[in-house]
Number of protein chains: 2
Amino acid sequence: MEVLSVTTAVLEYLRDRIISGELKAGQRLSEAELATSLEVSRGPIREAFRVLEKEQLVVSFPRRGTFVSEVSVEDFLDLYQAREMLECYAIELLKESEKRELSEVEGALDKTVDLPFPPPGDTEAKLKYLRAFSNFHFKLVEAAGNKRVTKFYRDISNHLLRYQFMYAYIPGLTKNSQKDHTQILNLIKAGEYDKAKEFLRVHIRSFVKLMKSWMFGPRENQG
Amino acid sequence: MEVLSVTTAVLEYLRDRIISGELKAGQRLSEAELATSLEVSRGPIREAFRVLEKEQLVVSFPRRGTFVSEVSVEDFLDLYQAREMLECYAIELLKESEKRELSEVEGALDKTVDLPFPPPGDTEAKLKYLRAFSNFHFKLVEAAGNKRVTKFYRDISNHLLRYQFMYAYIPGLTKNSQKDHTQILNLIKAGEYDKAKEFLRVHIRSFVKLMKSWMFGPRENQG
DNA sequence: ATCGAAAATATTGTTTACAATTAACAATAA
DNA sequence: TTATTGTTAATTGTAAACAATATTTTCGAT
């Protein structure tokens, strides 16, 4: 637990635990408990809380405590609407830019081909697995070249991962995503930006539709 | 200095000092110095730093210190690109939504009519003045109803204010903005969404063009 | 048995103190 | 004079102690 700063280590640890669902929505995060558990003092915990609060992964109430943020269909839809907007705009910018640099996007896509589906129980591996797919979208936004938007998208990405971890952790789905991603990148490389945008929009919206039915219906994909 | 929590008070104080330019880009922010100056301990200062760091108003280097973030033309252009995207998308969403609620936008606009130009030297008044105009755009984005995007826009807004404070604090300019804002709202209310979007785009881009020339050229509008 | 009030407990907010690291400075050698 | 290295001072990172508030428990009255 001594990489860079204790605060950073605590931050990344907590972030991953929330995204993976080990720390559940609404759950109280006790400063003292975490401090003893992680063998650090409360200072770094509190500093990490302030960052997570800004990321909206936790919510703090003065003198009441800090809690893992709630999930909801409304929030989920907000996230995906934001995602659609950002990614479509990214493609729009790629269209206008003279020298588009897609090697990072291509690299992210490559890392998802034939990626083995992690065994149940290995949370860390699951996280890495889902992050690999998520990374394609991130690199796409990053390629647009707007640093502000990129940073925002990273936070959005973490929340998306959280919902995916809850509802969309299924082999077939990621396999399908991989195919779609390849198609999107090919269209962009071929200069078919509008087609790429439309395909991406469909890719996102069909996923949302699927997830929505799961969120409303019985919860059998949470483990 | 005892409103809610000390951390919050410190946070808001520092944020305003950075936006107003009293704390200059690149300037080091000493924890001990601020602590004695504000008559608090270093704990809340550090917590506020973590939030400001996430807002990109400061940059922290481990064991080196915390510094007011730099400004640049590139960053400025990123911000305005993000702004254009978000606000245009907001109008797009208003177009699609059945019951658009524009009373907040209208309220924000009303507060800018005949707003007296603050006397030089009164930084707090200057901030309030510029925020009033900025608020129109914020309420417009908020009206779109996406909470995630709204929170992101608030951070963007603060940075925009910072650049405006540096380069665009001029009576005629805000007067002109007020006229444009009225026009935009009228077009939206009339259901002319595409026209509103195009007008907004021009409003933003002409402002960027003006600012860019000032940022590259001699700096005579900084006081 | 239930409701309410008061004490006890637990938790957060803040301060103070200590440890570790970095930056500044002076002394020495090239 | 310049570069380099060792020492000192300053600053950040972390931990521990204290204060204030919220929650829980306990006890009594209805």
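The model shown is predicted, which means the values in this text are computed figures rather than measured ones. In what follows, chains are A, B, ... by sequence order, proteins preceding strands, each numbered from 1.
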Chemist: Between B/Glu33 and A/Arg28, which residue's closest nucleotide on DNA chain D lies nearer the 5′ terminus?
Modeler: B/Glu33

Chemist: Let me know the distance between CZ of B/Arg46 and P of D/dA15, rounded to the nearest Å.
Modeler: 11 Å

Chemist: Scan B/Arg162, B/Glu55, B/Gln56 and name whichever one has a side-chain hydrogen bond (donor to acceptor under 3.5 Å, both in side chains) with B/Ser69.
Modeler: B/Arg162

Chemist: The criterion is salt bridge (charged side-chain N to carboxylate O under 4.0 Å, His left out); which residues satisfy it with B/Glu142, sequence neighbours excluded?
Modeler: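 Per chain and number, B/Glu142 pairs via salt bridge (charged side-chain N to carboxylate O under 4.0 Å, His left out) with B/Lys139.
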
Chemist: Whether A/Ser41 contacts D/dT14 is assessed here as follows: a side-chain N or O lying under 4.0 Å from the phosphate OP1 or OP2. Is that the case?
Modeler: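 Checking A/Ser41 against D/dT14: no side-chain N or O falls below 4.0 Å of OP1 or OP2.
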
Chemist: Tell me whether the OP1 or OP2 atom of D/dT14 has a side-chain N or O from A/Thr7 closer than 4.0 Å.
Modeler: yes

Chemist: Within this structure, what is the CG-to-P distance between A/Leu11 and D/dG13, rounded to whole angstrom?
Modeler: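 For the pair A/Leu11 CG and D/dG13 P, the rounded distance is 14 Å.
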
Chemist: Which of parallel (below 30°), tilted (30 to 60°) and perpendicular (above 60°) describes B/His181 and B/His137?
Modeler: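 Aromatic pair B/His181/B/His137 classed perpendicular.
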
Chemist: Determine the contact category for A/Leu29: base if any of its heavy atoms lies under 4.0 Å from a base atom, sugar-phosphate if only primed atoms, P, OP1 or OP2 are that close, otherwise nothing.
Modeler: sugar-phosphate

Chemist: Would you call the rings of A/Tyr80 and A/Phe76 parallel, tilted or perpendicular, where under 30° means parallel and over 60° means perpendicular?
Modeler: tilted

Chemist: Give B/Gly43 one of three labels, base, sugar-phosphate or nothing, depending on what nucleic acid heavy atoms sit under 4.0 Å from its own.
Modeler: base

Chemist: May I ask you to check if B/Arg148 and B/Phe152 form a cation-pi contact, with NZ or CZ under 6.0 angstrom from the six-membered ring centre and within 45° of the axis?
Modeler: no

Chemist: How would nucleotides 17-22 of chain C be written as a contact map, 5' to 3', with B for base contact, S for sugar-phosphate-only contact and - for no contact, using protein heavy atoms under 4.0 Å?
Modeler: B--BSS

Chemist: Can you identify which nucleotide, out of D/dT12, C/dT12, D/dT14, has its nearest atom closest to the B/Ser30 side chain?
Modeler: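 Per side-chain heavy atoms of B/Ser30, the pick is D/dT12.
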
Chemist: Going by atom types alone, do B/Ser157 and B/Arg131 pair a side-chain donor with an acceptor below 3.5 Å?
Modeler: no

